[in-house]
J.: 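Here you go, one structure.
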Amino acid sequence: MSAVPIRVVVSDAPFDLGAEAAALEAGPETGAVVTFTGRVRDVAGGLRWMEIEHYPGMTERALEGIAREATDRWPLSGVTVIHRHGRLAPGDRIMMVATASRHREAAFEAAAFLMDYLKSRAPFWKKEVTEDGAEWVAAAEKDEAALGRWDS
Amino acid sequence: MSAVPIRVVVSDAPFDLGAEAAALEAGPETGAVVTFTGRVRDVAGGLRWMEIEHYPGMTERALEGIAREATDRWPLSGVTVIHRHGRLAPGDRIMMVATASRHREAAFEAAAFLMDYLKSRAPFWKKEVTEDGAEWVAAAEKDEAALGRWDS
Amino acid sequence: MTIQVLYFAWLRERIGLGRETIETEAATVVDLVAELRAREERYAAAFADMATIRAAVDQELVPLETPLSGAREVAFFPPMTGG
Amino acid sequence: MTIQVLYFAWLRERIGLGRETIETEAATVVDLVAELRAREERYAAAFADMATIRAAVDQELVPLETPLSGAREVAFFPPMTGG
């Protein structure tokens, strides 16, 4: 079993990207930290809010499983995965992942891997509420396809 | 010419990762922000400090050129490149890059590209000072080789 | 056997509830879906296109052919859209 | 012509200065290196292994065969190690 510290947070509260990244940097072995932050876009200008539903219990298990898989595949010194749920306004942060490693390649690849899995394998569903009504966001085929590159 | 905002900072001062990332998130089109932070490691436990020399004038030009190249290759809404010089202690942050885009793939790839170029094409030189003396860090052949993947 | 059945996102909305307790002898997840569809029109409508349905047994994502033996919680939902 | 010549990292240390003004008729960067090596032992030592030398002309990284015509500033340094 891997002893790499994994931090998973599922919450309706905002998070502090800078503090999360700084916490991952602790320890003399960490040379590189990569973060990804996802945020509510409002491209068409008509979004009132986004509602994110999730499956309490399974969500935490899925995120921990994904994070553990990343620590098995790459030499990481830490992984953080944070995903919000509930009502989010345009511009609000939805989620972040962060990876720490001695070297940049591992940190970059593990962060991209976490994002690909999180998109299609963690039980979250987004609903967009506009002036015209509410609509569930459809899963993108390219997101499912993106998982293929991690099969080997 | 690209009108994407590019922020390049070469300084001996610390930087605020959280504030830099937040600044890149501005604007309704940005859905994804990727950051990379590099930090002084002290694996052997004997590092007293690291000295980073650079080539004032050329450094800023090289970093701006690399950032501009990234905005030409990927649909980015912003790029930030910060690199410190002077004396840095173990654990201090050395540099960061951050990329903002509508989609995660562009943000991830552009950040990895910036790092690969910055390692071998920006005029910085690291010297490690230990109890036994001072030694210039040798360039890693794999860093030069890493550039090859961006040729196409 | 007695199992908890959970619905999420538009499945929850179409069926009109998020969770119910069901007595069933269904052998697999698809057998359970067939039972649900036979119950009422709203279930038939919700499960009309199985290509858009994902399932979890005891909080583990599984193929629809998965056996239900020993299952305590089965969840149905559309493809995930997190991140 | 008159050019500014800059040295960085261990090149600077071996030569013992970071910048000097040089009068030269060298046609290319390598020709300039040859002139410098002929000057004094410390230059010869600094430029002993050209595989470890990189050059910039007017703050642009260039191959060693690059012509110097019009150049105002030439810099020599080891492979970069930023990031």
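The sequence lines fix the lettering, A, B, ..., with proteins before strands; numbering per chain opens at 1. Below, all heavy atoms of this structure are taken into account, side chains as well, without hydrogens, waters or symmetry copies.
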J.: So that I can tick it off, tell me whether D116(B) and R149(B) are bridged by a salt bridge, with the cut-off set at under 4.0 angstrom between side-chain N and carboxylate O.
T.: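 Looking at D116(B) together with R149(B), the answer is yes, because their closest N to O distance falls below 4.0 Å.
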J.: Check for me whether R39(D) meets the cation-pi criterion with Y43(D), that is, NZ or CZ under 6.0 Å from the six-membered ring centre and within 45 degrees of the ring axis.
T.: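 Here R39(D) passes the 6.0 Å and 45° test against Y43(D).
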J.: Applying side-chain hydrogen bond (donor to acceptor under 3.5 Å, both in side chains), can you list everything that pairs with S69(D), at least two apart in sequence or on another chain?
T.: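 Checked S69(D) against side-chain hydrogen bond (donor to acceptor under 3.5 Å, both in side chains); zero matches.
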J.: K127(B) versus chain D, heavy atoms under 4.5 Å apart: side chain, backbone, both or neither?
T.: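 The answer is the side chain of K127(B).
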J.: If we define contacts as heavy-atom pairs under 4.5 Å, which of E144(B), R121(B), R61(B) has the most with chain D?
T.: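 Looking at each of E144(B), R121(B), R61(B) in turn, R61(B) comes out on top.
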J.: Taking side-chain hydrogen bond (donor to acceptor under 3.5 Å, both in side chains) as the definition, give me every residue that meets it alongside R19(D), ordered by chain and number, with sequence neighbours left out.
T.: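 Partners of R19(D) by the side-chain hydrogen bond (donor to acceptor under 3.5 Å, both in side chains) criterion, ordered by chain and then number, come out as Q4(D).
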J.: Can you see which heavy atom on H83(B) is nearest to which on G83(D), and at what distance?
T.: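 Shortest heavy-atom separation between H83(B) and G83(D) comes out as NE2-N, 3.0 Å.
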J.: Heavy-atom pairs under 4.5 Å with chain D - which of G65(B), A122(B), G38(B), A62(B) has more of them than the others?
T.: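 With the most close heavy-atom pairs to chain D, the winner is A122(B).
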J.: Are E20(B) and R7(B) ion-paired here, with the side-chain N under 4.0 Å from a carboxylate O?
T.: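 Judged by the 4.0 Å cut-off on N to carboxylate O distance, E20(B) and R7(B) do form a salt bridge.
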J.: Considering only heavy atoms, give the residues of residues 45-60 of chain D separated from chain B by less than 4.5 Å, sorted numerically, with 'none' for an empty result.
T.: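 The list, in residue order, reads A56(D), D58(D), Q59(D), E60(D).
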J.: Could you check whether Y7(D) and E20(D), counting side-chain N and O atoms only, form a donor-acceptor pair closer than 3.5 Å?
T.: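 Side-chain D/A pair, E20(D) to Y7(D): present.
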J.: Please classify the contact between H85(B) and chain D as side chain, backbone, both or neither, with a heavy-atom cut-off of under 4.5 Å.
T.: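 Contact with chain D involves no heavy atom of H85(B) at all.
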J.: Flag the pair M115(B) / F36(B) as yes when at least one side-chain heavy-atom distance between them is below 4.5 Å, and no otherwise.
T.: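 Heavy-atom side-chain distance check passes, below 4.5 Å.
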J.: Checking E128(B) against R41(B) for the salt bridge (Lys or Arg N to Asp or Glu O under 4.0 Å) test, could you report, in this order, the C-alpha distance in whole Å, the side-chain angles of both residues, the deciding distance, and whether it holds?
T.: CA-CA 10 Å; E128(B) 288 175 345; R41(B) 280 195 291 138; over 6 Å; no
J.: Parallel, tilted or perpendicular: which fits the ring planes of F113(B) and W150(B), with parallel below 30° and perpendicular above 60°?
T.: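 Correct class here is perpendicular.
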J.: In terms of heavy-atom contacts, does CD of E35(D) have more than 12 from other residues, nucleotides or ligands at under 6.0 Å?
T.: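 Yes, CD of E35(D) has more than 12 neighbouring heavy atoms, counting only those of other groups under 6.0 Å.
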J.: With a 4.5 Å heavy-atom cut-off (strictly below), which parts of residues 88-100 of chain B touch chain D? List them by number.
T.: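 Within residues 88-100 of chain B, the residues under 4.5 Å from chain D are I94(B), M95(B).
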